[in-house]
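Everything below concerns the one structure shown next.
Below, chains carry the letters A, B, ... as their sequence lines are ordered, and counting in each starts from 1.
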Number of protein chains: 2
Amino acid sequence: MKKHILIYGICGGLLIVALKVIEYRFLVVEHSIEIYGGLVAAVFAAVGIWLGLKLTKKKETVVVREVPVPAQPFSVNQTRLQEFGLTPREHEILELIANGLSNREIAAKLFVSENTVKTHSSRLFDKLSAKRRTQAVQIGKESGLIP
Amino acid sequence: MKKHILIYGICGGLLIVALKVIEYRFLVVEHSIEIYGGLVAAVFAAVGIWLGLKLTKKKETVVVREVPVPAQPFSVNQTRLQEFGLTPREHEILELIANGLSNREIAAKLFVSENTVKTHSSRLFDKLSAKRRTQAVQIGKESGLIP
DNA sequence: CTCAAAATCACCCGAAAGTATGACGACAAG
DNA sequence: CTTGTCGTCATACTTTCGGGTGATTTTGAG
């Protein structure tokens, strides 16, 4: 900012000097005053425009438009995960249950036996204090364990 | 934009007229050429600055800040409800299922027999193309039928 | 009033889910 | 090396779900 003013001042000084020179030259050779005025006008207009641009260049109006995002990225609430003491496997199975898969489908997906899925889900229900898988899903969603 | 150029041109014209007047006045009364030049310089510098400001005024930086919408009031997607052809009762039962209630608990809550709940839920699953209640819940949530 | 949709209930049966118990191997921590 | 957790699997049993069928009552629109 101050730098610009300084530059502006220097330019003004230089111009005055230039004007003096021009004045004597042109006046002596009897040139019309219009050329002189036009020159001054052009130069100062240019400087003015330049100054105006410089001054407002960084003055950008920041418009903050807040956009509601319905589907946030979702990250698992690790704190709750620890509170419930869920193992990674149990958490994984909770997700699949929430997706509406049956025990058999989960078993197929994870390449384990259906019995394994049952033991996992049983322990899962215990830890979540759920009596049914739908209840587990509901608790899981509320606690931020699953999307 | 064009408007500005027009205004600028008009100003220029006016100034030339003004200059003519000033010229004769000041020349006649033998005033120094510096005052004339300074005036022109000042006016054109001002116009230049003004123009510069006008030209760059609209440099607005739009910052889009994504804000996770806190807790929407949630309203049932009536359109989807009709698409699926769910009756009020079926929709009600879907909600209770999503809350993790068993058929028996739902029956108790609605003061109907467990069989009734079963027939309702059966038709519900048919309409939602769900094979299990967990799947029905998942579909229901996706479709905005339930919170 | 009449008809259709909605809501209610019952019974049966097979499938799925959930409980209980026990067991085995892997692996990390003490 | 021992202990504990985790993941795996099995067997047996109970409960819940879901499908199918049929029937009655209620209710709202025509």
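Side-chain N/O atoms of B:Ser121 include none lying less than 4.0 angstrom from OP1 or OP2 on D:dC17. A close approach under 4.0 Å does occur between a side-chain nitrogen or oxygen of B:Asn115 and OP1 or OP2 of C:dA10. In terms of phosphate contacts, A:Ser113 brings a side-chain nitrogen or oxygen within less than 4.0 Å of OP1 or OP2 of D:dA10. Side-chain nitrogen and oxygen atoms of B:Arg132 include none within less than 4.0 Å of the OP1 or OP2 phosphate oxygen of C:dA16. Proximity of A:Arg133 to the phosphate of C:dG18: a side-chain N or O atom is located under 4.0 Å from OP1 or OP2. For the OP1/OP2 pair of C:dA16 and a distance below 4.0 Å, the side-chain nitrogens and oxygens of A:Asn103 include no atom meeting the criterion. Look at A:Thr119 and you won't find any side-chain N or O under 4.0 angstrom from OP1 or OP2 of D:dT8. A sub-4.0 Å separation between OP1 or OP2 of C:dT19 and a side-chain N or O of A:Ser122 is present.
Not one N or O on the side chain of A:Ser121 forms a donor-acceptor pair closer than 3.5 Å with the backbone of A:Leu124. Between the side chain of B:Thr116 and the main chain of B:Val112, no donor-acceptor pair closer than 3.5 Å is present. At least one donor-acceptor pair closer than 3.5 Å links the side chain of B:Gln135 to the backbone N or O of B:Lys131.
When rounded to the nearest whole Å, the span between CD of B:Glu105 and P of D:dT15 equals 15 Å. Atom pair B:Lys109:NZ and C:dT8:C1' shows a separation of 20 Å (rounding to whole Å applied). One atom, NE2 of A:His120, and another, C1' of D:dT8, lie 7 Å apart when rounded to the nearest Å. Rounded to whole Å, atom P of C:dA20 lies 13 Å from atom NZ of A:Lys118. With rounding to whole Å, A:Glu90 atom CD is found 9 Å from D:dC6 atom C1'. Between the P atom of D:dG7 and the CG atom of A:Leu94 lies a distance of 14 Å, rounded to the nearest Å. Straight-line distance from the CD1 atom of A:Ile93 to the P atom of D:dC6: 14 Å, rounded to whole Å. Counting to the nearest Å, the P atom of D:dT15 and the CG atom of B:Leu101 are 20 Å from each other.
Heavy atoms of B:Thr116 sit under 4.0 angstrom from at least one base atom.
Between A:Thr87 atom OG1 and A:Arg123 atom CZ the span is 7.5 Å, to the nearest 0.5 Å.
Side-chain atoms of B:Gln82 and B:Gln78 form no donor-acceptor pair, as typed in the model, at a separation below 3.5 Å.
Heavy-atom nearest nucleotides on DNA chain C were determined for B:Thr134 and for B:Arg123, and the one closer to the 5' end corresponds to B:Arg123.
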